[in-house]
Amino acid sequence: MDIDLMMALAGLFVGFIVGLTGMGGGALMTPVLVIFFNVNPLTAVSSDLVVSLVMKPIGGAVHARRGTVNVPLVTWLAVGSVPAAFAGVLLLRELGGDDADLQSFVKKALGWALIIAAAGIVLKSLQTIRTKAKAKDYAPPPVVVRPIPTVLVGIVGGVVVGMTSVGSGSLIIVALLFLYPGLKAAEIVGTDLVQAVPLVGAAAIGHMMFGDFEFDVASSVLIGAIPGVYVGARVSAHASQALIRRALVIVLTASALKLLGVGNGALLGWLATALVIGTLLWALVRHTQGLTRRPEPMTPTAAAREWFSALTGRRKPRPKDPDGAPETADRTSIS
């Protein structure tokens with residue numbers, strides 16, 4: 001077995017992102033393998049799916065222990081995604097796994113969908129801030145599980161994942177955000193990580209049977225991805241919803257730009273500019289709505305203690321800011 005340490009470092013980074021946000025595995029890892037390590041695209045898809053099959057249960061288990069997994073949603077998503085993922089692999093084989101035009105079309109379409117989703121998260125957060133500024137006793141709407149739309153989301157996500165390895169996190173999370181606006185950010189991440197286990201499993205089996213899986217590539221990535229996804233999930237399960245939402249926007253945007261073929265230098269420039277301008281605009285919006293950034297100043301020492309607590313789970317995190325307060329009530333029902 002030939003281990004590539006640089007691939008392991010890339011796996012560590014991507015694993016942390018997957019654990020923190022539930023997305024980024026295929027959208028980040030597959031382009032990294034192809035662009036930076038010159039891995040064949042079909043091999044990158046197959047290997048990434050096998051890596052995700054190991055990563056997702058680790059992150060999902062952390063969230064399950066914290067109670068941030070919506071089991072009914074996981075069940076209905078799996079009903080549609082598992083057979084669809086296997087079908088997606090067979091469809092890719094029939095259409096030609098090395099068809100550059102097909103792969104390019106699917107990835108560009110998904111890239112634009114992710115950009116729209118990132119904008120949707122921002123708009124939804126703005127609406128929530130305005131609502132909370134007007135009503136101190138604001139509470140998100142209850143989560144009513146809708147089986148048919150959820151199964152359809154699973155089917156679409158399964159086909160896309162089977163063909164590209166992209167979408168087990170990003171595509172499903174986007175759909176959950178629009179279908180179930182009452183879900184907490186940590187619940188969205190936890191639910192997505194758990195539902196991705198059978199989805200990625202079906203696609204991974206299909207690619208191991210019909211794809212171009214390479215054990216050395218998957219092993220190198222897994223060495224870094226396993227600790228990365230564990231740490232990321234611990235932070236996600238304890239962090240404020242505001243932090244997770246912002247991480248979701250960043251990862252969605254970065255994934256979308258890579259899928260659309262933006263170069264690495266331009267990608268870093270876009271993200272840096274958006275981060276600076278976005279932070280300033282967000283602070284201005286909160287100020288105009290009469291919301292303070294935090295209930296009390298946070299010193300560097302206090303910030304370090306909060307991150308340590310999120311990683312170890314030894315104590316509860318400090319009170320969240322007004323747009324990221326956690327909830328404890330069970331708000332799930334099925335209709």
Side-chain angles (χ1 to χ4, degrees), residues 15-25 55-75 77 117-118 120-122 124-125 127-129 132 138-145 150 153 168-197 228-252 294-295 303 306-333:
F16 178 81
I17 297 299
V18 170
L20 179 65
T21 67
M23 66 177 70
M55 280 198 304
K56 301 287 186 175
I58 296 174
V62 173
H63 278 273
R65 291 181 59 188
R66 294 290 301 175
T68 52
V69 176
N70 190 305
V71 177
L73 278 182
V74 171
T75 303
L77 285 169
I121 295 176
V122 174
K124 181 176 179 294
S125 298
Q127 182 182 16
T128 301
I129 284 181
K132 288 181 177 180
Y138 167 80
V143 178
V144 179
V145 178
T150 305
V153 168
S168 64
S170 53
L171 189 62
I172 301 297
I173 278 184
V174 169
L176 292 178
L177 284 169
F178 286 98
L179 274 177
Y180 303 104
L183 274 178
K184 295 184 294 183
E187 288 178 330
I188 291 176
V189 175
T191 299
D192 177 73
L193 283 170
V194 174
Q195 69 82 27
V197 174
V229 72
Y230 178 79
V231 174
R234 291 299 297 265
V235 173
S236 173
H238 291 80
S240 71
Q241 295 189 68
L243 172 64
I244 298 175
R245 281 197 300 267
R246 290 160 192 165
L248 287 173
V249 172
I250 293 173
V251 175
L252 277 171
R294 283 191 174 272
E306 180 174 342
W307 274 88
F308 180 76
S309 299
L311 292 175
T312 61
R314 292 185 177 181
R315 67 178 178 85
K316 295 181 179 180
R318 74 196 304 276
K320 308 299 187 301
D321 56 275
D323 68 336
E327 296 176 41
T328 58
D330 183 4
R331 299 178 284 107
T332 304
S333 61

* Show your working on side-chain contact (heavy atoms from CB on, under 4.5 Å) between Val18 and Lys56 and close with a plain yes or no. => CA-CA 8 Å; Val18 170; Lys56 301 287 186 175; 4.0 Å; yes
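- Closest heavy-atom contact between Val143 and Gly182: CG2-C, 3.7 Å.
- Atom CG of Leu179 and atom CG of Leu73 lie 9.0 Å apart (nearest 0.5 Å).
- Note that CG of Leu176 and CG of Asn70 are 9.0 Å apart. Values are rounded to the nearest 0.5 Å.
- Partners of Val189 by side-chain contact (heavy atoms from CB on, under 4.5 Å), not counting sequence neighbours, listed by chain and number: His63, Leu193, Ser236, Ile244.
- The heavy-atom pair separating Tyr180 from Thr150 by the smallest distance is OH-OG1, 2.5 Å.
- Between Arg66 atom CZ and Arg234 atom CZ the span is 8.0 Å, to the nearest 0.5 Å.
- The two residues Val145 and Pro72 have their closest heavy-atom pair at CG2-CB, 4.1 Å.
- Taking CD1 of Ile188 as the start and CD1 of Ile172 as the end, the distance is 12.5 Å to the nearest 0.5 Å.
- By the side-chain contact (heavy atoms from CB on, under 4.5 Å) test, Val74 is found to be paired with Val69, Thr191, Val194, Gln195, residues two or more places apart in sequence or in another chain being considered.
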